[in-house]
Engineer: 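My questions will all concern the structure given below.
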Amino acid sequence: MSPLLDVRDLRVEFATRHGTVTALDGVSLRLEPGETLGVVGESGCGKSITALAIMGLIPMPPGRIAGGSIRLDGEELIGAPERRLRQLRGRDIGMIFQEPMTSLNPVFRVGDQIAEAILLHQDVSRDEARTRALELLRTVGVPDPGQRIDAYPHELSGGLRQRVMIAIAISCQPRLLIADEPTTALDVTVQAQIFDLIRDIQDRLGVAVILITHDMGAIAEMADRVAVMYAGRVVEEGPADAILDSPAHPYTRGLIGCIPAIDPALAALDRLPPLAEIPGVVPPLHLLGQGCAFADRCIEAVDICRKVAPPLTGRGHAVACHLHAAAAASEES
Amino acid sequence: MNELSRSAPERAASPAAEAWRMFRRNRPAMLGTAIFLTMLGVVIYGSLFGGDPFEIVWAPQTPPGEDGFVFGTDYLGRNLATGLLVGGAPTMAVGAAAAVLSIFIGVTIGALAGYYGGWVDNLLMRITEFFQVLPALLFAMVLVTLFSPSLVTIATAIGVVMWPQTARLTRAEFLKIRELEYVTAARAIGAGNGRIMWRVILPNALPPLIVSATLTVGVAILFEAGLSFLGLGDPNTMSWGMMIGANREYILDAWWPVTFPGLAIFLTVFSVSLIGDGLNDAFNPKLRER
């Protein structure tokens, strides 16, 4: 089976005051139809830029796609005419944003906004579009959709707004749904509901999902496969179970260490282990030198880490780390 | 407001309905609306049934109230009441037409500049600045003198000198709004540039534009009066500005032929300003809670 989405060696650069910085440095991702790919990493590591690049929405200038390819069902999207991209957006690729507060247009009723998305891609009447908008609101679990269809965004709660966003994203039954931190701005209880909804829609429509998040818990819950990103590169990639059970890259281990593991016995004694943290922050992209971008924060870093950037190696479960490569080599010999 | 009416359920209020509710509670704005509607009514009535304002009907400079002339007569013995009734229409029509024209040019240029940015923005803003640094009244005078003064040329001249402000305001709004997430979201469902500019960004940029448009009407009315006062108006059309201009030399002998048209202009512009101010408050409730 050919992949639904095949991103290869994608490089995106931005012109900034500090000169040209490489926001994505050789990112490769694959996604099969119906599959869920989790993309994790801290803020500023290139997750959202990857999503925007797939949508063809990198602001240019200052952005520039410096190389690589993005294929959707075999069709090359980089360099495709804007007309074609406009057809694909919304119809074949739907997107959900982080901030449901600001991603709906405040001056239009939500029903009209859903209908708008339908009318852009399908040859149906206004009435028909409205009927479908009502159906979609029901699909995404908005209570009392007959009333809510005429509500303005400010009259809805964050969770309901995110449901409306999802309704818009799936209005044309896309094959790919990109969810860019869809629950970051929501209450924890609502987060779980939204994840349930996304999974439910996935089962019903067979849509493939790219879930962008910094929440390892969400990954454990949702993803089939995971790509861990750091400073514009994929540093570890593979099946979700493998990565969660035996993370190979120190950064992934750090991320997983940040999930609080609550042992009831210890909690009763008030002696929970301290929560792990990764020291430091993602370095500003213009200060990236040669070598592994994570080296400065890595407790295991050795000399070579600061000199040579490690390539992503391994099939199935791939890792970009010198230490791991060395360990694997010694195992084999 | 008592507790009962406060807790009364309200149906989904559109932003426009909400603004109208705020506006209605604003007394100066409602006063302005009342004055403006009255003036408008008088002007419409006058232009239909006012009679001939150029006709000489009585002794020159009859003071107001004498011989049955409520506002008196001017230096040629023309009835001021008729002039006031008839002279408002060109003033208001030219003011409104000029405002519409300047808003149309200003919004188009400002939207293109703000949305596309880059060299488009640079080019359009340099053009805007060129028009902005021209002394407006002088430029309008030149235009009117070049082309024979008629209501159309006057409205065009005023519109052409007033659009830069609107363009700058529109550009600023577009620059701000185009970065917001719902614009990216609109793009993500496949909306094109035109749709995003006019259907997504413009509706959100409207409140400040409506306020500015209202004030533009006031300024345009003043402009028309100014041009007529200088004798650059259409000589075959009676207007408030022309009445002041024609009678200004005799102001020491008779105060009324300049005072009443002046008052009419003042009331109109004042009411428009009150409305604009009220709209501003209605659209930006936060500004009022100082």
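Proteins come first, then strands; the chains are lettered A, B, ... in the order of their sequence lines, and each starts at number 1. As the structure is a prediction and not an experimental result, all values here were calculated from the model.
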Engineer: Please state whether the side chain, the backbone, both or neither of R199(B) comes within less than 4.5 Å of a heavy atom of chain A.
Structural biologist: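 R199(B) touches chain A through backbone and side-chain heavy atoms alike.
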
Engineer: Where does the angle between the aromatic ring planes of F131(B) and F139(B) fall among parallel (under 30°), tilted (30 to 60°) and perpendicular (over 60°)?
Structural biologist: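 Correct class here is perpendicular.
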
Engineer: Which one of A185(B), G117(B), A188(B), G118(B) has the most heavy-atom pairs closer than 4.5 Å to chain A?
Structural biologist: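 Heavy-atom pair counts peak at A188(B).
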
Engineer: Please identify, among E116(A), E82(A), Q98(A), Q113(A), the residue contributing the most non-hydrogen atom pairs under 4.5 Å to chain B.
Structural biologist: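 Of the options given, most contacts go to E116(A).
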
Engineer: Treating R161(A) as the side-chain partner and L156(A) as the backbone partner, does any N or O pair qualify as donor plus acceptor under 3.5 Å?
Structural biologist: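 Answer holds: yes.
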
Engineer: Under 4.5 Å from any heavy atom of chain A, what part of A191(B) do you find: side chain, backbone, both or neither?
Structural biologist: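 For A191(B), backbone and side chain are both near chain A.
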
Engineer: Does E181(B) use its side chain to pair, donor to acceptor, with the backbone of F97(A) at less than 3.5 Å?
Structural biologist: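 Not at all, since once roles are kept as given, no pair shorter than 3.5 Å links the two residues.
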
Engineer: Is chain B contacted by the side chain of L120(A), its backbone, both, or neither, given a heavy-atom distance below 4.5 Å?
Structural biologist: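 Side chain only.
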
Engineer: Checking R168(B) against Q165(B): is there a side-chain donor and acceptor pair closer than 3.5 Å?
Structural biologist: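 Q165(B) vs R168(B): no donor-acceptor pair found between side chains.
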
Engineer: Taking Q191(A) for its side chain and T183(A) for its backbone only, find out whether a donor-acceptor pair lies under 3.5 Å.
Structural biologist: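 At least one qualifying donor-acceptor pair exists.
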
Engineer: Roughly how far apart are Y116(B) OH and L123(B) CG, rounded to 0.5 Å?
Structural biologist: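 Output value for this atom pair is 14.5 Å.
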
Engineer: When only pairs under 4.5 Å are counted, which of M55(A), M95(A), E99(A) shares the most heavy-atom pairs with chain B?
Structural biologist: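 Winner by heavy-atom pair count: E99(A).
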
Engineer: In terms of heavy-atom proximity below 4.5 Å to chain B, should I93(A) be classed as side chain, backbone, both, or neither?
Structural biologist: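 For I93(A), backbone heavy atoms alone lie under 4.5 Å from chain B.
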
